[in-house]
Amino acid sequence: MDLSYTPEEEEFRAGLREWLAGVLPTLPPKPDPLDWPGRRAYDTGWQRRLYDAGYARVHWGASATLRLIFLEETERAGAPYVGANFVGLLHAGPTIAAEGTEEQRARWLEPVLRGDEVWCQGFSEPDAGSDLAALRTRAVRDGDAYVVSGAKIWTSHAEVADWCELLVRTDPDAPKHRGITWLAMPMDAPGITVRPLRTLAGSDEFAQLFLDEVRIPVGHRVGAENDGWRVTMVTLSYERGTAFVGEVVACRRVLVEIARAAHKNGTWDDPVIRHQLGSLHAEFTALWRLIQWNVSESERSGGPPGVGGSVFKLRYSHARQELYDAAAAVLGPDALDLGREWTADRLSSLSYTIAAGTSQIQQNIVAERILGLPKGR
């Protein structure tokens, strides 16, 4: 498989680099990490700049390779991350682009690209654990609306979101994977209570949602009723396949910074640390090649990233933790300083073996769908 870039793709890269070099020095200061209204304004302001410059459509209006180049170059340049736009740009948007009606694409995609609307993700539930298909939030059809009641947890960016990609159970008597429906829920609808959740790192980008007879128009359903599990697999394929691209580039940059710090404080003389950093360099190089392979496969098939995304997610989530363990070894006692960026990132990395599907779930997917092993009982 040819993983090289075409002249047209390299031309896109060069133009993007030139634009980033000109616009990044003009950005306002970043807001306080705990100020989510301020972070929303900052993140959506950056998204508007991308839109005006013609780069916003790369998320679902361009080839997967151009999207890969875009994420790679913006991260390398130190451009703002998608932040509050994460779910809309990398999860809900691609899903609606792939599965929505023409009217739904016209209604929801452009506001996300412009930075006018922010989405959150209402998938996980307090009692479902890693078994997402065991969700119990009910949706009962009442004329031209669904009446939804239940609870969601780990709802990303719910405090500042305009819309929620929501999974509900519309047929409680069907096998659990077949009675689920994917809905777009307006976050200002009556009956929604948002309760922020504070993480180990002190941030509150997650929340718990309580839904009490929330009415959602049937026209906000993406895909057919009870076909939500298939639609969800489209969402998760993007989440596990390409949503972490920028973070892999960031990890490779952090690895270089850790090596420099090791040279500076003398820990580079420790052969164990040198071996650890060398292994991580090989690991992240391989992960980057795996991303390129997944993107190439996606373009060849004409669909979303496939089960190769689970291979990537499984290994990346552990490699990220190992990266910050190495940072802690290099920093020594300073690794306990919560004011250090690497310390906060180390705490954050602990969630990656859970987020976007636990490592155990990814192992099952790899075993069953790639290796052809029988399902466990």
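- Residues Leu167 and Trp182 form a side-chain contact, since some pair of their non-hydrogen atoms from C-beta on lies under 4.5 Å apart.
- Of the charged side-chain nitrogens involved, none lies within less than 4.0 Å of a carboxylate oxygen, so that Glu103 and Arg107 do not count as a salt-bridged pair.
- Among all heavy-atom pairs drawn from Ala319 and Glu283, the shortest one is CB-CG, 3.8 Å.
- For the pair Arg215 (side chain) and Pro190 (backbone), a donor-acceptor distance under 3.5 Å is absent.
- Of the possible donor and acceptor atoms, none in the side chain of Thr181 sits under 3.5 Å from a partner among the backbone N and O of Gly228.
- With rounding to the nearest 0.5 angstrom, the CG atom of Leu197 is 6.0 Å from the CD atom of Gln208.
- With hydrogens and angles disregarded, a donor-acceptor distance shorter than 3.5 Å links the side chain of Gln104 to the backbone of Arg221.
- Side-chain atoms of Arg178 never come within 3.5 Å of backbone atoms of Asn226 as a donor-acceptor pair (strictly under, hydrogens ignored).
- The two residues Phe210 and Ala151 make their nearest non-hydrogen contact at CD2-CB, 4.2 Å.
- There is no path of hydrophobic side-chain contacts, each under 4.5 Å, that joins Met185 to Val222.
- At least one donor-acceptor pair closer than 3.5 Å links the side chain of Arg40 to the backbone N or O of Val160.
- Ring planes of His177 and Trp229: perpendicular class, angle over 60° (limits at 30 and 60°).
- In this structure, Tyr55 and Phe12 have perpendicular ring planes: the angle between them is above 60°, well past the 30° mark.
- Surrounding NE2 of His281 are at most 12 heavy atoms belonging to other residues, nucleotides or ligands under 6.0 Å away.
- Put simply, OH on Tyr324 and CD1 on Ile258 are 7.0 Å apart, with the number rounded to the nearest 0.5 Å.
- Under 3.5 Å, the side chains of Glu117 and Trp163 contain a donor-acceptor pair of N or O atoms.
- Hydrophobic clustering of Ile, Leu, Val, Met, Phe, Trp and Tyr side chains at less than 4.5 Å, counting indirect connections, keeps Leu109 apart from Leu183.
- Counting non-hydrogen atoms of neighbouring residues, nucleotides and ligands closer than 6.0 angstrom, the CZ atom of Arg136 reaches no more than 12 such neighbours.
- Remark: Glu11 CD is loosely packed, at most 12 non-hydrogen atoms of other residues, nucleotides or ligands lying under 6.0 Å away.
- A donor-acceptor pair is defined here as one N or O able to donate and one able to accept, closer than 3.5 Å; such a pair exists between the side chain of Arg105 and the backbone of Gly100.
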- request: Evaluate the criterion side chain to side chain contact (heavy atoms under 4.5 Å, CB included) for residue pair Gln276 and Glu322; output intermediate values, then yes/no.
  value: CA-CA 9 Å; Gln276 191 175 15; Glu322 292 162 9; 5.9 Å; no
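- Judged by distance alone, with hydrogens and angles left aside, the side-chain atoms of Glu99 form no donor-acceptor pair with the main-chain N or O of Thr232 at under 3.5 Å.
- In terms of heavy-atom proximity, Arg320 sits nearest to Cys251 at NH1-SG, 3.7 Å.
- Not one N or O on the side chain of Lys152 forms a donor-acceptor pair closer than 3.5 Å with the backbone of Gln121.
- Counted within 6.0 Å of CZ on Arg141, heavy atoms from surrounding residues, nucleotides or ligands total more than 12; the atom is thus considered enclosed.
- Residues passing the side-chain contact (heavy atoms from CB on, under 4.5 Å) test with Glu110 are Tyr51, Arg57, Leu113, Arg114, sequence neighbours excluded.
- Closest heavy-atom contact between Cys120 and Ser156: CB-O, 2.7 Å.
- Note on ring orientation: taking the six-membered ring where Trp is involved, the planes of Trp108 and His220 are perpendicular (angle over 60°, cut-offs 30° and 60°).
- For the pair Pro25 and Leu20, the tightest heavy-atom approach, listed with the atom from each and the gap, is CD-O, 4.2 Å.
- Counting heavy atoms from C-beta outward, Asp43 and Val118 have side chains that stay 4.5 Å or more apart.
- Residues Thr44 and Ala41 share a closest heavy-atom pair of OG1-O, 3.3 Å.
- In the hydrophobic cluster analysis, where Ile, Leu, Val, Met, Phe, Trp and Tyr join through side-chain heavy atoms closer than 4.5 angstrom, Leu287 is grouped together with Val254.
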